[in-house]
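Report on the structure given below.
Letters A, B, ... are given to chains in the order of the sequence lines, protein chains preceding strands, and every chain is numbered from 1.
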Protein chains: 2
Amino acid sequence: MARAATTSDVFNAIAEPQRREILLLLRAGERPVTELARELGMTQPGASKHLRVLREVGLVRDRRAGKQRLYGLDARGLRPVHEWTGGFEQFWNESFDRLDAYLQGLDRTGQEE
Amino acid sequence: MARAATTSDVFNAIAEPQRREILLLLRAGERPVTELARELGMTQPGASKHLRVLREVGLVRDRRAGKQRLYGLDARGLRPVHEWTGGFEQFWNESFDRLDAYLQGLDRTGQEE
DNA sequence: CCATCATATTCCCTTATCGGTATGCGTCAA
DNA sequence: TTGACGCATACCGATAAGGGAATATGATGG
C-alpha cells in the first residue's frame with residue numbers, strides 16, 4: 001500500500017520536482033503540452049502525465065485552442081499549502097532559541113557514531 | 001524509477017498525511033515515539049519510520065531522555081515550502097479574474113463528455 | 001550480568017509511481 | 001475522406017514507498 005491516500009492530494013502533486021517546474025513555467029502564461037515538454041526537457045507523454053496529475057488536483061486548467069490544448073495555472077489550490085506551512089512560521093523563528101538547546105544536548109550523547 | 005529524486009526532499013516528506021499529522025502534534029512540544037504512535041493511531045514501527053523520514057530532511061530533531069527518545073519540531077525546513085507557494089500568491093487572487101475567462105471558454109468546447 | 005522497556009531496523013508483501021515507447025483519438029486542412 | 005498534427009492513454013519494466021509482524025539494538029534498573 002504505497003503512499004496511502006496521498007494520491008490526488010495537492011501536497012503530493014507538488015512533491016514531484018518536474019511538476020513544480022511546470023507550475024513555475026505556467027506563471028508566465030498558458031502553454032501547449034509540446035512546448036512545456038520542450039522547455040523542461042521531457043517527452044511529450046511525460047509532460048501529459050504530469051499535467052494530468054496537476055489537473056486532477058485542480059492546479060492547472062486546460063482549454064482547447066484548435067489542435068492544441070493550452071494549459072494554464074490555477075494556483076488557488078496552492079493556498080492551503082501556503083497556509084499549512086504558515087502555521088509553523090512562529091516555530092522556524094523560535095527554532096534558533098529553543099532548538100539550539102536541543103542540538104547542544106544531543107551532540108553530547110550522540111557524537112560517537 | 002519511482003518518484004525519481006524526490007526522496008529526502010522536504011516536499012516529499014510532507015506529502016504524507018501522517019507525517020503532516022506528526023508535525024502538527026509536535027508543535028505542542030516534544031514527544032516520545034510511543035506517545036506519537038498512540039495519539040495518531042499507528043503502530044510504533046510505523047511512527048518510527050515516518051520520524052526517520054522527517055529526521056532525514058531535518059524537520060524533526062531527536063534527543064535522548066533516559067530510555068526514551070524525544071522528538072521535537074525543527075520547522076525551519078518548512079520555510080522554503082512556504083516561500084515557494086508564496087511565489088504564487090498573486091496568482092490565486094488573480095485567478096478569479098483571468099481564470100474565470102478560461103473556464104467559461106472551455107466549458108463551451110469541452111462539455112460533451 | 002540479566003531482564004525489561006523504548007525505539008530502530010529488517011523482511012515481506014502489495015501497490016503506486018515514474019519513465020519510455022507505442023498507439024489511439026480528436027482536430028484541422030485539403 | 002484522408003493525412004498530418006497535437007495530445008492522451010495503454011502498456012511495460014524498474015523502483016521504492018507504506019504497512020504489518022518479527023526482531024535487533026540500546027539504555028536502565030536491579
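Taking atom CG of A:Leu40 as the reference point, atom C1' of C:dG19 lies 15 Å away to the nearest angstrom. Taking atom CD of residue B:Glu21 and atom P of nucleotide D:dG18, one finds them 15 Å apart after rounding to whole Å. The distance from atom CG of B:Asn12 to atom P of C:dA16 is 17 Å, rounded to the nearest whole Å. The separation between B:Arg52 atom CZ and D:dG19 atom P is 16 Å, rounded to whole Å. If you take CD of A:Glu56 and P of C:dA16, they are 14 Å apart, rounded to a whole angstrom. Distance CZ (B:Phe11) to P (D:dA17): 18 Å, rounded to an integer number of Å. What separates CD of A:Glu16 from P of C:dA16 is a distance of 17 Å, to the nearest Å. Between B:Arg38 atom CZ and C:dT7 atom C1' the separation is 16 Å, expressed in whole Å.
Every residue meeting the side-chain hydrogen bond (donor to acceptor under 3.5 Å, both in side chains) condition with A:Glu83, not counting sequence neighbours, appears here in chain and number order: A:Arg79. Considering only residues two or more places apart in sequence or on other chains, B:Glu39 meets the side-chain hydrogen bond (donor to acceptor under 3.5 Å, both in side chains) condition with B:Arg31. Residues that satisfy the side-chain contact (heavy atoms from CB on, under 4.5 Å) test with A:Pro45, not counting sequence neighbours, are A:Thr43. Take B:Arg55 and apply the salt bridge (charged side-chain N to carboxylate O under 4.0 Å, His left out) test, not counting sequence neighbours, and it matches no residue. Remark: A:Gln44 pairs with A:Ser48 by the side-chain hydrogen bond (donor to acceptor under 3.5 Å, both in side chains) rule, at least two apart or across chains. Here B:Val81 pairs with A:Val81, A:Thr85, B:Val10, B:Phe11, B:Ile14 under the side-chain contact (heavy atoms from CB on, under 4.5 Å) rule; sequence neighbours left out. Shown here are the salt bridge (charged side-chain N to carboxylate O under 4.0 Å, His left out) partners of B:Glu56, two or more places apart in sequence or in another chain: B:Arg52.
Within residues 41-51 of chain B, the residues that place at least one heavy atom under 4.0 Å from DNA chain D are, in residue-number order, B:Thr43, B:Pro45, B:Lys49, B:His50.
Between A:Tyr71 and D:dG6 there is no side-chain polar atom (N or O) within less than 4.0 angstrom of OP1 or OP2. Proximity of A:Arg19 to the phosphate of C:dC18: a side-chain N or O atom is located under 4.0 Å from OP1 or OP2.
Nearest approach of A:Arg19 to A:Asn12, heavy atoms of both residues: NH2-O, 3.4 Å.
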Below 3.5 Å between N/O atoms, which protein atoms pair up with nucleotides 1-6 of chain C? Just atom names and distances, please.
none

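Among the nucleotides C:dT17, C:dA8, C:dT27, the one closest to the side chain of B:Arg55 is C:dA8.
A:Phe88 carries B:Arg27 over the face of its six-membered ring, with the cationic atom under 6.0 Å from the centre and within 45° of the normal.
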